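Heads up, the thing below is written out as structure tokens.
Predicted model only: the values in this text are computed from it and were never measured.
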Amino acid sequence: PTLLMTEAQFNSALKEFVNSSEIFSDENVIAMFVPNTYEVYYNISGADLMKRMEFEFISFWNEERLSKANMLDLTPVEVVTLASIVHAESVKKDESRIIAGLYINRLTRGIALQADPTLVFASGDFGLKRVLNIHKQIDSPYNTYLNTGLPPGPINMPPIHTIDAVLNYEKHNFIFMVAKEDFSGYHNFAETYREHINNANRYQRQLSIEQRKARINRY
């Protein structure tokens, strides 16, 4: 059965919780909700649900995970924020640790993350399929092209495996990525800008070929 709690009651309880929290804010409270299966009574109150989710968050961030977060010089909320970007960048689980390592390289080197999914979030247009240069000028703390470091909070609710991918990121020297030209959903990674441009050009060439084929097939 669904919860008796209405959306308005949930939002009210969440607002009260945030107002009394020393950790969570309106921007980052989504980090408290660790995606998992939980058993609660269907008539649980909003306040009790918030307490339960806070308890689950604290339980999730055990000593091992906290230790790994500390080694990254990130708080648990910041780890989830980075994981949300990694999650939005690729549907391929086996790429998560590589992408996490790439963004950690950028963070530690003081390079702007330049993560397109944060521009989609900043735009408010969640159906946006292609990020253009105009989107890179959006005045928002979530614009990781204009601002260095992490955005104020997660841009989605990343699954546990992506959070753990950040904590167990792959160590390498990549700082650039672009979609592979085979449209497999995977990415080409690069250490240098020149290599990245070569990868990007290959993708654009193949994309142009596919678009021409599509136009021809319509006639």
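- Between the side chains of Asp125 and Ser123, not a single donor N or O lies within less than 3.5 Å of an accepting N or O.
- The shortest distance between side-chain heavy atoms of Leu3 and Val40 falls below 4.5 Å.
- The shortest non-hydrogen separation linking Met157 to Ile30 is CE-CG1, 3.8 Å.
- A distance of 9.5 Å separates CE in Met32 from CD1 in Ile58, rounded to the nearest 0.5 Å.
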Q: Check the pair Tyr169 / Tyr103 against ring-ring contact (aromatic ring centres under 6.0 Å, His included), numbers first and verdict last.
A: CA-CA 10 Å; Tyr169 71 98; Tyr103 283 127; over 10 Å; no
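- The closest side-chain donor-acceptor pair between Asn147 and Tyr142, if any, does not fall under 3.5 angstrom.
- With contacts defined as side-chain heavy-atom distances shorter than 4.5 Å, the pair Thr6/Phe10 does not qualify.
- Heavy atoms only, all atoms of each residue included: Phe33 and Met53 are closest at CE2-CG, 3.6 Å.
- A 4.5 Å side-chain heavy-atom check between Leu150 and Leu74 finds at least one atom pair inside the cut-off.
- Inter-residue side-chain proximity for Glu191 and Asn173 is flagged as met; some heavy-atom pair is nearer than 4.5 Å.
- Classification of Asp164 and Arg65 as a salt-bridged pair holds, one side-chain N sitting under 4.0 Å from a carboxylate O.
- A side-chain donor-acceptor contact under 3.5 Å links Glu95 to the backbone of His187.
- Put simply, the side chain of Ile160 reaches to within 4.5 Å of the side chain of Val34, judged on heavy atoms.
- For the atom pair CG of Leu128 and CZ of Phe121, the computed distance is 14.0 Å after rounding to the nearest 0.5 Å.
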Q.
Does Lys51 form a salt bridge (charged side-chain N to carboxylate O under 4.0 Å, His left out) with Glu54? I'd like the steps, not just the answer.
A. CA-CA 5 Å; Lys51 290 177 184 176; Glu54 183 181 34; over 6 Å; no
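- Looking only at distances, a side-chain donor or acceptor of Thr81 sits under 3.5 Å from a matching main-chain atom of Val77.
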**Q.** side-chain contact (heavy atoms from CB on, under 4.5 Å) assessment of Leu82 paired with Ile104
**A.** CA-CA 9 Å; Leu82 181 52; Ile104 287 167; 3.8 Å; yes
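- In this structure, the separation between OG on Ser59 and CG on Asn36 is 11.0 Å, given to the nearest 0.5 Å.
- Atoms CD and OG, from Glu170 and Ser96 in turn, are 11.0 Å apart once rounded to the nearest 0.5 Å.
- Proximity of a side-chain donor or acceptor of Glu210 to a complementary backbone N or O of Leu207 within less than 3.5 Å is not detected.
- Remark: side-chain polar atoms of Arg106 are not paired, donor with acceptor, to backbone N or O of Ile111 under 3.5 angstrom.
- Residues Leu49 and Tyr38 share a hydrophobic cluster, clusters being chains of Ile/Leu/Val/Met/Phe/Trp/Tyr side chains in contact below 4.5 Å.
- Inter-residue side-chain proximity for Pro159 and His87 is flagged as met; some heavy-atom pair is nearer than 4.5 Å.
- Under 3.5 Å, the side chains of Asn143 and Lys136 contain no donor-acceptor pair of N or O atoms.
- Side chain to side chain, Asn188 and Glu195 fail the donor-acceptor criterion of an N or O pair below 3.5 Å.
- Residue Arg109 places its CZ atom among more than 12 non-hydrogen atoms of other residues, nucleotides or ligands, all under 6.0 Å distant.
- Side-chain atoms of Trp61 and Ile163, non-hydrogen and from C-beta on, do get closer than 4.5 Å to each other.
- For the pair Ser20 (side chain) and Glu16 (backbone), a donor-acceptor distance under 3.5 Å is present.
- Within 6.0 Å of CG in Asp94 there are more than 12 heavy atoms belonging to other residues, nucleotides or ligands.
- The two residues Val79 and Ala69 have their closest heavy-atom pair at CG2-CB, 3.9 Å.
- Under a cut-off of 6.0 angstrom, the local environment of CD in Glu7 is sparse, with at most 12 non-hydrogen atoms contributed by other residues, nucleotides or ligands.
- In the hydrophobic clustering of ILVMFWY residues, with side-chain heavy atoms under 4.5 Å counting as a link, Tyr186 and Ile85 come out apart.
- Among all heavy-atom pairs drawn from Ile155 and Ala88, the shortest one is CD1-CB, 4.2 Å.
- Side chain of Thr162 to backbone of Pro158: no donor-acceptor contact under 3.5 angstrom is found.
- The closest donor-acceptor contact from the side chain of Arg97 to the backbone of Val166 lies at 3.5 Å or more, if one exists at all.
- Ring planes of Phe174 and Phe189: parallel class, angle under 30° (limits at 30 and 60°).
- Aromatic ring centroids of Phe24 and Phe57 lie under 6.0 Å apart.
- A donor and an acceptor atom, one from each side chain of Tyr41 and Asp48, are nowhere located under 3.5 Å apart.
- For the residue pair Gln114 / Thr144, no side-chain donor-acceptor distance below 3.5 Å is found, with atom types taken as modelled.
- No donor-acceptor pair closer than 3.5 Å links the side chain of Ser67 to the backbone N or O of Glu63.
- A distance of 10.5 Å separates CG of Asp116 from NE2 of His135, quoted to the nearest 0.5 Å.
- No donor-acceptor pair under 3.5 Å is formed between the side chain of Arg52 and the backbone N or O of Ile44.
- The CG atom of Leu167 lies 11.0 Å from the CE atom of Met71; values are rounded to the nearest 0.5 Å.
- Ser140 and Ala122 get closest at one heavy-atom pair: OG-CB, 3.6 Å.
- The aromatic rings of Phe176 and His196 lie parallel to each other, their planes meeting at an angle below 30°, with 60° marking the opposite boundary.
- In terms of hydrophobic clustering, with Ile, Leu, Val, Met, Phe, Trp and Tyr side chains grouped at heavy-atom distances under 4.5 Å, Tyr203 and Ile99 are assigned to different clusters.
- Taking a 6.0 Å sphere around CG of Asn43, one finds it holds more than 12 heavy atoms contributed by other residues, nucleotides or ligands.
- Hydrophobic clustering of Ile, Leu, Val, Met, Phe, Trp and Tyr side chains at less than 4.5 Å, counting indirect connections, keeps Leu102 apart from Tyr193.
- Leu146 and Leu119 are not part of a single hydrophobic cluster, where members link through side-chain heavy atoms under 4.5 Å apart.
- Within a 6.0 Å radius of NZ in Lys93, other residues, nucleotides and ligands contribute 12 heavy atoms or fewer.
- Gln206 approaches Glu181 most closely through the heavy-atom pair CG-O, 3.1 Å.
- Between the Asn105 side chain and the His172 main chain, a donor and an acceptor come within less than 3.5 Å of each other.
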